[in-house]
Amino acid sequence: MAMVNVNNVTKKFGKFTALDQLSLTVNEGEIYGFIGPNGAGKTTTIRILLGILQATKGKATIFGQDAWRHAVEIHKRVAYVPGDVNLWPNLTGGEVIDLFVKLRRSNHKSHRENLINRFDLDPTKKCRTYSKGNRQKVALVAAFASDADFYILDEPTSGLDPLMESVFQECVMEARKEGKSILLSSHILSEVEKLCDKVSIIRQGKIIDTGTLTELRHLTRTSILVQTERPVDNLAQNPNVHDMKVTPGGLVFSVDTEALGSVISHVSEFNILNLSSTPPTLEELFMRHYQQQ
């Protein structure tokens, strides 16, 4: 079941087109990665989903309701964490968390305390004394303690150390297990790779590719290191084999992932002594897309 549906949304600011017929669907219980460099249109898309901006054309719905016309109702079930959190300077972190939790009529005090401990946050300090990382922790605790149905996370781990990033990832996976949906906008590709069921790559306001990581990896290459008993013939002529070179450790090359089976079958005729393969990372896929476009 679709929690979020963005259908052919275009957003113009004067003559500048920030989003160009953008479409995406986030299903129930799905972690959806939304990646692209700064200025690609990620934050504009999120602002349309939050009802802060109105689309020039097209339609965005959350829970089947129009994101612009029903923003107040939708916000009761949505938690949002921006990449740069601004908090009320004279309130404590705990008071801010309580405020957001009460707005969603949640009252799971034990869950709130558990999250504060996991994120190693001192909730008694005034927000003006917090570092960027601690302000981010307040927003994350408030979001995950509020029992929302849909989480919009825009660069949510900005300012967090690796240990806290790991806690964040655990919280996201727990929310997914409870059937919640998450839209994760991030430039940390390893984070997206670890968490997301589906990924969209956005460039200059357009989605240039969407799919599961398995589906998207078919569009890129796998790195191979192989040692064989006899020299491998006719491999360099294969159009699916790239960057081949002989090293002291063996023959190194990359192969288009969809042709991996046939290439390994050919190499095996020369009696494989040792073989290691490195699957393509999301970063490689991302860079390849941006170089090609």
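As the structure is a prediction and not an experimental result, all values here were calculated from the model. These numbers come from the heavy atoms of this one structure, side chains and all, not from hydrogens, waters or symmetry mates.
Closest heavy-atom contact between Met244 and Ala236: CE-CB, 3.6 Å.
In terms of modelled atom types and a separation under 3.5 Å, the side chain of Thr10 and the main chain of Gln21 share a donor-acceptor contact. With hydrogens and angles ignored, the 3.5 Å screen pairs a side-chain donor or acceptor of Asn238 with a backbone N or O of Asn240. The backbone N or O of Asn27 sits less than 3.5 Å from a side-chain atom of Ser181, completing a donor-acceptor pair.
With sequence neighbours excluded, no residue forms a salt bridge (charged side-chain N to carboxylate O under 4.0 Å, His left out) with Lys59. Shown here are the ring-ring contact (aromatic ring centres under 6.0 Å, His included) partners of Phe144, two or more places apart in sequence or in another chain: Tyr151.
Rounded to the nearest 0.5 angstrom, Phe168 CZ and Leu153 CG are separated by 5.0 Å.
Taking hydrophobic clusters as Ile, Leu, Val, Met, Phe, Trp and Tyr residues chained together by side-chain heavy-atom distances below 4.5 Å, Tyr130 shares a cluster with Leu163. A continuous path of hydrophobic side-chain contacts links Leu115 to Val167 [ILVMFWY only; heavy atoms under 4.5 Å].
A parallel orientation is assigned to the rings of Phe16 and Phe13, their planes being inclined by less than 30° (bins at 30° and 60°).
Taking 4.5 Å as the limit, every side-chain heavy atom of Val172 sits out of range of all side-chain heavy atoms of Leu184.
Annotation: side-chain hydrogen bond (donor to acceptor under 3.5 Å, both in side chains) contacts involving residues 159-178, sequence neighbours excluded, comprise Arg118-Glu170, Arg118-Glu174, Arg176-Asp197. Judged as a salt bridge (charged side-chain N to carboxylate O under 4.0 Å, His left out), the pairs with a partner in residues 6-33 (not counting sequence neighbours) are, in order, Asp20-Lys206. A side-chain hydrogen bond (donor to acceptor under 3.5 Å, both in side chains) check over residues 39-50, counting only residues at least two apart or in different chains, returns the pairs Thr43-Asp154.
Counting non-hydrogen atoms of other residues, nucleotides and ligands closer than 6.0 Å to NZ of Lys132 gives a total above 12.
The other members of the hydrophobic cluster of Leu225, by chain and number, are Val252 (side-chain heavy atoms under 4.5 Å, ILVMFWY only).
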